[in-house]
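First comes the structure, then the notes that go with it.
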Number of protein chains: 2
Amino acid sequence: MKNTVSRCPIEGVMQVLSGRWPTLLLYYLKDGTKRFGDLRRDNPTISHRMLTVELRKLEDAGIVRRSAFEGYPLRVEYDLTPKGLELVPLIDALGQWWVRAAGYPRNGIRRAEAPAG
Amino acid sequence: MKNTVSRCPIEGVMQVLSGRWPTLLLYYLKDGTKRFGDLRRDNPTISHRMLTVELRKLEDAGIVRRSAFEGYPLRVEYDLTPKGLELVPLIDALGQWWVRAAGYPRNGIRRAEAPAG
DNA sequence: AGTAAATTACGCACTTTTTTGTAACCAGAT
DNA sequence: ATCTGGTTACAAAAAAGTGCGTAATTTACT
């Protein structure tokens with residue numbers, strides 16, 4: 001998943017959305033503005049390092065907006081940009097496809113017997 | 001991205017679609033049936049091993065159908081299952097979002113100044 | 001009054017885990 | 001020997017986790 005020039009738009013999107021966290025963060029951010037700690041509580045298994053890294057990646061992709069406020073204790077808020085909001089229904093569609101297709105019959109055709117012609 | 005029980009459907013989909021190859025293979029397979037060697041030529045940078053690994057993953061997910069025919073040299077064909085076909089427009093939508101959103105204005109709000117209240 | 005501890009959102013260095021690539025080997029008919 | 005579609009073992013690379021340090025203010029306690 002290294003940085004490669006992508007001829008195909010699919011490569012570009014997947015560079016950003018691939019992995020366990022990006023879509024999951026989108027999922028939580030679509031409810032509205034969240035703080036760093038909120039997102040950690042939403043998903044307790046993400047490490048603080050990964051959360052910063054992934055948020056930064058989404059920010060760089062123009063999907064998430066980061067707003068830091070002066071003062072202590074620190075306060076930083078994250079929310080979706082218009083671009084990010086457009087992405088949400090597309091991700092949702094994938095989720096729906098996943099649950100819908102879960103009941104599909106297994107493709108039983110393995111090692112089909114047929115003339116090699 | 002290891003095997004975790006996914007409460008959220010998003011996690012499930014991304015487990016299969018994450019990475020550089022899955023969506024790309026979908027992209028090539030949507031044109032119709034392809035053989036192993038075809039797919040390697042379509043994407044010369046994928047290693048022999050990764051192609052088998054990724055194809056097997058997609059097959060296990062019920063997205064790709066694998067048909068092996070008797071005889072030598074070997075002949076194995078890959079195509080999309082109905083489930084896989086349903087996925088294609090969703091992936092395409094992501095690609096379109098990517099190119100459409102590429103021209104969006106950068107989110108310039110960084111380190112916003114505001115009362116910490 | 002003085003001090004210790006908690007808070008919040010990280011950055012950095014280091015270790016572990018996971019993923020991907022390489023190369024060699026296999027089958028068996030032409 | 002070559003062709004095709006694989007498998008396996010090993011090595012390299014990338015991704016993810018761990019733990020420590022930082023900052024200024026509040027709270028908790030003595």
Practice prompt. Give a yes or no on whether the backbone of A:Y28 and the side-chain of A:K34 come within a donor-acceptor separation of less than 3.5 Å.
Written response: yes
Worksheet entry | Side-chain N or O of B:R49 closer than 4.0 Å to phosphate OP1/OP2 of D:dA9 | no
Discussion item. When you compare the side chain of A:I63 with that of A:L29, does any pair of heavy atoms fall below 4.5 Å?
Written reply: no
Worksheet entry | Test item: B:S18 side-chain N/O and A:S18 main-chain N/O as donor-acceptor pair under 3.5 Å | no
Discussion item. With a cut-off of less than 4.0 Å, is there a side-chain N or O of A:Y72 near OP1 or OP2 of D:dT27?
Written reply: no
Discussion item. From CH2 of B:W21 over to P of C:dT20, roughly how many Å is that when rounded to an integer?
Written reply: 9 Å
Worksheet entry | For atom CZ of B:R40 and atom P of C:dT22, their distance in whole Å | 10 Å
Discussion item. Counting only side-chain heavy atoms from C-beta out, which of D:dT7, D:dT4, C:dA9 sits nearest to B:T52?
Written reply: D:dT7
Item to complete: Would you kindly give the CG-to-P distance between B:L51 and D:dT4, to the nearest whole Å?
Response: 14 Å
Worksheet entry | Closest listed nucleotide, where the reference is the side chain of A:Y78 and the choices are D:dG5, C:dC10, D:dT7 | C:dC10
Worksheet item: Within this structure, what is the CZ-to-C1' distance between A:R75 and C:dA9, rounded to whole angstrom?
Response: 13 Å
Worksheet item: With respect to the side chain of B:M50, which nucleotide from C:dA9, D:dG5, C:dG21 is positioned closest?
Response: C:dG21
Discussion item. Please classify the nucleic acid contact of A:E77 as base, sugar-phosphate, or nothing, using heavy-atom distances under 4.0 Å.
Written reply: nothing
Worksheet item: Do A:D38 and A:R41 meet the salt-bridge criterion of a basic N to acidic O distance under 4.0 Å?
Response: yes
Item to complete: Look at B:K83 together with B:E86 and state whether they make a salt bridge at an N to O cut-off of under 4.0 Å.
Response: no
Worksheet item: Quick one: A:E54 CD to D:dG17 P, roughly how many Å, whole number?
Response: 9 Å
Practice prompt. Return the residues of residues 32-39 of chain B meeting this criterion: a heavy atom under 4.0 Å from some atom of DNA chain C. Order them by number, or give none.
Written response: none
Item to complete: Figure out the CD/P separation between B:E70 and D:dC3, and round it to whole Å.
Response: 23 Å
Discussion item. What is the distance, to the nearest angstrom, from the CG atom on A:N43 to the P atom on D:dG17?
Written reply: 10 Å
Worksheet item: When clusters are formed by joining ILVMFWY residues with side-chain heavy atoms under 4.5 Å apart, either directly or through shared neighbours, do A:V53 and A:L55 land in the same one?
Response: no
Fill in: Distance-minimising heavy-atom pair for B:E54 and B:W21
CG-CB, 3.9 Å
Worksheet entry | Length of the CZ-P vector between A:R20 and C:dT17, whole Å | 15 Å
Worksheet, complete the sentence: Picking from D:dT7, D:dG19, C:dA9, the nucleotide nearest the side-chain atoms of A:H48 would be D:dG19
